[in-house]
Peer 1: 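Before we start, here is the structure in question, set down as structure tokens.
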Amino acid sequence: MANLFKGETGKTFTQMVTQQRLIQAHNLITSSNSPITEIMHKVGINNKTFFYKKYKEFYQCNPGDDR
């Protein structure tokens with residue numbers, strides 16, 4: 001099943017879920033004044049280091065830069 005998913009999307013299931021969480025976080029960061037740590041938890045990411053690393057990889061900037 002995992003190979004089928006990766007074959008169809010080019011990403012693992014975990015990578016796809018993380019990407020969707022980052023997109024949701026980005027939308028919340030750009031449209032609200034909520035603290036980034038609160039947004040991070042809202043989208044289901046509890047590790048701040050992981051969140052900042054993945055956000056920067058995906059958007060080529062830090063979450064605070066999108067404010």
Side-chain angles (χ1 to χ4, degrees):
M1 183 68 114
N3 289 336
L4 178 63
F5 188 87
K6 187 167 184 172
E8 290 293 319
T9 65
K11 298 177 183 187
T12 65
F13 180 75
T14 302
Q15 289 170 327
M16 187 64 81
V17 169
T18 300
Q19 178 179 326
Q20 292 305 308
R21 288 177 173 169
L22 292 171
I23 291 168
Q24 186 179 8
H26 176 76
N27 291 337
L28 290 169
I29 288 168
T30 58
S31 67
S32 76
N33 291 324
S34 298
I36 292 172
T37 53
E38 183 180 313
I39 290 170
M40 180 185 80
H41 291 292
K42 278 184 185 178
V43 300
I45 300 175
N46 297 316
N47 184 314
K48 187 175 180 179
T49 303
F50 175 82
F51 176 74
Y52 274 80
K53 178 183 175 189
K54 292 299 180 181
Y55 194 95
K56 188 163 187 164
E57 284 176 8
F58 194 70
Y59 288 106
Q60 283 79 49
C61 67
N62 291 316
D65 297 339
D66 279 338
R67 287 257 151 112

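For this chain, numbers begin at 1 and follow the sequence in order. For clarity, every value in this text was computed on a predicted model and none was experimentally measured. Side chains are part of it too, since the values below use all heavy atoms of this structure and drop only hydrogens, waters and symmetry mates.
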Peer 1: Examine M16 and V43 and state if one hydrophobic cluster contains both, with Ile, Leu, Val, Met, Phe, Trp and Tyr joined whenever side-chain heavy atoms are less than 4.5 Å apart.
Peer 2: no
Peer 1: For the pair S32 (side chain) and I29 (backbone), establish whether a donor and an acceptor sit closer than 3.5 Å, ignoring hydrogens and angles.
Peer 2: no
Peer 1: Ignoring hydrogens, what is the shortest heavy-atom contact between K48 and M40? Give both atom names and the distance.
Peer 2: CA-SD, 3.5 Å
Peer 1: Step by step, work out the side-chain contact (heavy atoms from CB on, under 4.5 Å) result for H26 and L22.
Peer 2: CA-CA 6 Å; H26 176 76; L22 292 171; over 6 Å; no
Peer 1: In Å and rounded to the nearest 0.5 Å, what is the CG to CD distance from N3 to E8?
Peer 2: 12.0 Å
Peer 1: What closest approach, in Å, do I39 and R67 show between heavy atoms, and which atom pair accounts for it?
Peer 2: CD1-NH2, 3.5 Å
Peer 1: Measure the shortest side-chain to side-chain distance between Y52 and I36 over non-hydrogen atoms and say whether it is less than 4.5 angstrom.
Peer 2: yes
Peer 1: How far apart are the C-alpha atoms of L28 and S34, what are their side-chain angles, what is the distance that settles it, and do they pass the side-chain contact (heavy atoms from CB on, under 4.5 Å) test?
Peer 2: CA-CA 8 Å; L28 290 169; S34 298; over 6 Å; no
Peer 1: Check whether the side chains of Y59 and D65 place a donor and an acceptor atom closer than 3.5 Å, and report yes or no.
Peer 2: no
Peer 1: Give me the atom names and distance for the closest heavy-atom approach of F5 to F13.
Peer 2: CE2-CA, 3.5 Å
Peer 1: To the nearest 0.5 Å, tell me how far N62 CG sits from K53 NZ.
Peer 2: 14.0 Å
Peer 1: Checking F50 against T18 for the side-chain contact (heavy atoms from CB on, under 4.5 Å) test, could you report, in this order, the C-alpha distance in whole Å, the side-chain angles of both residues, the deciding distance, and whether it holds?
Peer 2: CA-CA 10 Å; F50 175 82; T18 300; 4.1 Å; yes
Peer 1: Does T12 offer a backbone N or O that forms a donor-acceptor pair with the side chain of Q15 under 3.5 Å?
Peer 2: yes
Peer 1: Looking only at heavy atoms, which two atoms of P63 and F51 are closest? And how far apart?
Peer 2: CG-CE2, 3.7 Å
